[in-house]
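Working notes, structure below.
It should be emphasised that the depicted structure is a prediction, and the values quoted were computed from it without experimental measurement.
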Amino acid sequence: MGKRQKYQNPIDGDTMMRKYAYGLRLLLALVMASGIFVTATPMQMEAKETQAYTTQDLNEQLVMATLWMQTSAEFRALCYQAFNLARMNLDAFLDSHKSAKPVAVIVDADETVIDNSAYEAFLIGQNFGYSSKTWNPWMQAAQATAMPGALEFLKYAESRNVEIFYVTNRKMVGYEGTEKNLKALGFPNVDPKHLLLRTGSSDKQERRNMVEKDYEVALLMGDNHNDFHSAFRNKSVAERFAETDRFKDSWGTKFIVLPNPTYGDWEGSVYEGNWGASAAEKDQMRKGLLKRWNYQP
């Protein structure tokens, strides 16, 4: 033991830790100087980004569409254009109407005769999307405003003894608020006979058939192709295009569309019906269908 102790150089704990830290810093400096960096794999990065993408991020995509509806004169012009066309077509229909049946007009409610863009604006900055938890209170609040030109057209139709039927996919839980909202805005024929909310399927055909049984329907107005015909239900983007072309003679004559870039069944076709997809998946599906300019500056 005596000879071994002669050649030993005892090191205390503090000295050992200082030397270890120095060595670690030296190794890190050498690695950085050599340009070698330890990074996550592309798959790990993508997984991290996907996990981090939230509904709040997705809601940011509502900004331009909602802003356009609320601030652009072009949006107002398109609405006036639709209702001016509706009035001209209604006059032409009445001039040639010979049936004993009374005449009716069928309109959707949301984004057709009333404007809910304030609700869409409310979603921006929130980490949740549309749901009954927030939509039902919005209906009860009865704060939707009239779409430009809607009230004037429907009151004109009433003055010509045409009855108005509101065929909307608002659920019956919102009946009281919807009736209150429409009456406060001065819309005609707001009563249980004419205000037809959803009680079962979201397919409006059954309710349209109820109206057509006793009335000659001069025209239909809506912001969603399902407001006009069931042929558009549960279809892909390409199929909806094909059905639109099939009905090309009806657009602007019996079918009159209002502009709505914020939501609709067109969005469901982008998701291929998968409304339950994550925010990141929806973002990818939306952007994946964009037709891009292939330019290399």
- Ser96 side chain to Ala92 main-chain N or O, any donor-acceptor pair under 3.5 Å? yes

- Message: Would you compute the distance between atom CD of Glu176 and atom CG of Leu197 and round it to the nearest 0.5 angstrom?
- Response: 12.0 Å

- Sequence neighbours left out, what passes salt bridge (Lys or Arg N to Asp or Glu O under 4.0 Å) with Asp57? Give chain and number order. none

- Query: Are Met88 and Phe255 co-members of a hydrophobic cluster defined by side-chain heavy atoms under 4.5 Å apart?
  - Reply: no

- Residues two or more places apart in sequence or in another chain: which of them pass ring-ring contact (aromatic ring centres under 6.0 Å, His included) with Phe232? His225, Phe247

- Message: Using a 3.5 Å distance criterion without hydrogens, assess whether the side chain of Asp115 forms a donor-acceptor pair with backbone atoms of Thr145.
- Response: no

- Message: Is any side-chain heavy atom of Tyr130 closer than 4.5 Å to one of Tyr119?
- Response: yes

- Main-chain N/O of Ser269 paired with Arg240 side-chain donor or acceptor, under 3.5 Å: no

- Do you know which two heavy atoms are closest between Ser132 and Pro137, and how far apart they sit? O-CD, 3.7 Å

- Between Val113 and the options Leu185, Asp108, Thr168, Leu154, the side chain to side chain contact (heavy atoms under 4.5 Å, CB included) test singles out Leu154

- Is there a donor-acceptor pair under 3.5 Å between the side chain of Asn116 and the backbone N or O of Ala144? no

- Note on the structure: Closest non-hydrogen contact found for Asp223 with Glu111 is CB-O, 3.5 Å

- Are the side chain of Lys180 and the backbone N or O of Met139 linked by a donor-acceptor pair below 3.5 Å? no

- Task: Find the distance between CZ (Phe153) and CG (Leu85) and round it off to the nearest 0.5 Å.
- Result: 9.5 Å

- Message: Regarding Ser202 and Asn169, do their side chains bring together a donor and an acceptor under 3.5 Å, going by distance alone?
- Response: no

- Item | Spacing of Leu182 atom CG and Asp191 atom CG [to the nearest 0.5 Å] | 11.0 Å

- Item | Heavy atoms from other residues, nucleotides or ligands near NZ of Lys171 exceed 12 (cutoff 6.0 Å) | no

- Task: Decide whether Phe122 and Ile124 are clustered together by the hydrophobic rule: side chain heavy atoms of Ile, Leu, Val, Met, Phe, Trp, Tyr closer than 4.5 Å, transitively.
- Result: yes

- Query: Ala65 and Thr262: which non-hydrogen atoms are nearest, and at how many Å?
  - Reply: CB-CG2, 3.8 Å

May I have the list of side-chain donor-acceptor pairs in residues 211-219 shorter than 3.5 Å, sequence neighbours left out?
unit_1, atom_1, unit_2, atom_2, d
Tyr215, OH, Glu163, OE1, 3.0
Tyr215, OH, Glu163, OE2, 3.1
Tyr215, OH, Lys193, NZ, 2.9
Glu216, OE2, Ser99, OG, 3.4

- Quick one: closest heavy-atom pair of Arg207 and Arg198, and the distance? NH1-N, 3.5 Å

- Of all pairs that satisfy ring pair (Phe, Tyr, Trp, His ring centres under 6.0 Å), the ones with a partner from residues 172-201, not counting sequence neighbours: Phe165-His194

- Output for pair (Ser250 OG, Ile256 CD1), nearest 0.5 Å, gives 11.0 Å

- Closest non-hydrogen contact found for Phe75 with Pro148 is CE2-CD, 4.4 Å

- Separation of Leu195 CG from Glu179 CD (nearest 0.5 Å): 6.5 Å

- Message: Checking Thr112 against Tyr166: is there a side-chain donor and acceptor pair closer than 3.5 Å?
- Response: no

- Can you name the residues that form a side chain to side chain contact (heavy atoms under 4.5 Å, CB included) with Gln70, not counting sequence neighbours? Thr66, Ser117, Ala121

- Is there a path from Ile164 to Met210 through hydrophobic residues (I, L, V, M, F, W, Y) whose side chains come within less than 4.5 Å of each other? no

- Find out whether Asn274 and Glu272 are in side-chain contact, i.e. whether some heavy atom of one side chain is under 4.5 Å from a heavy atom of the other. no

- Query: So if you build clusters from Ile, Leu, Val, Met, Phe, Trp, Tyr with side-chain heavy-atom gaps below 4.5 Å, do Leu151 and Ile114 land together?
  - Reply: yes

- Is there a side-chain contact between Met221 and Phe83, using heavy atoms and a 4.5 Å cut-off? yes

- Task: Examine distances only and state if a side-chain atom of Asn59 and a backbone atom of Gln126 form a donor-acceptor pair shorter than 3.5 Å.
- Result: yes

- Tyr53 and Ser278: CA distance, side-chain angles, deciding distance, side chain to side chain donor-acceptor pair (under 3.5 Å) verdict: CA-CA 9 Å; Tyr53 195 90; Ser278 69; over 6 Å; no

- Item | Verdict with supporting geometry, Tyr156 and Asp91, side chain to side chain contact (heavy atoms under 4.5 Å, CB included) | CA-CA 10 Å; Tyr156 173 75; Asp91 286 341; 2.6 Å; yes

- Item | Greater than 12 external heavy atoms within 6.0 Å of Glu60's CD | yes

- Would you say Glu239 has more than 12 foreign heavy atoms packed within less than 6.0 Å of its CD? yes

- Item | Contact check, side chains of Arg160 and Arg87, non-hydrogen atoms, under 4.5 Å | no

- Is the shortest heavy-atom distance from the side chain of Lys204 to the side chain of Ile106 under 4.5 Å? no

- Item | Backbone N/O of Thr244 and side chain of Trp251: donor-acceptor pair under 3.5 Å | yes

- Item | Test log, rule side chain to side chain contact (heavy atoms under 4.5 Å, CB included), inputs Lys254 and Leu220 | CA-CA 6 Å; Lys254 188 168 184 176; Leu220 300 93; 3.8 Å; yes

- Note on the structure: Tightest non-hydrogen contact, residues Leu78 and Pro259, listed as CB-CG, 3.9 Å

- Inter-residue atom distance Cys79.SG - Met69.CE, 0.5 Å rounding: 7.0 Å

- Message: Contact between Arg170 and Trp135 at the side-chain level, heavy atoms closer than 4.5 Å - yes or no?
- Response: yes

- Task: Check whether the side chains of Tyr271 and Glu267 place a donor and an acceptor atom closer than 3.5 Å, and report yes or no.
- Result: yes

- Message: Taking ring-ring contact (aromatic ring centres under 6.0 Å, His included) as the definition, give me every residue that meets it alongside Phe241, ordered by chain and number, with sequence neighbours left out.
- Response: none

- Item | Under 3.5 Å: donor-acceptor pair, side chain of Asn260, backbone of Tyr263 | yes

- Shared hydrophobic cluster for Val107 and Phe93 (ILVMFWY, side-chain gaps under 4.5 Å): yes

- Check: Asn209/Gln205 side-chain N/O donor and acceptor closer than 3.5 Å: yes

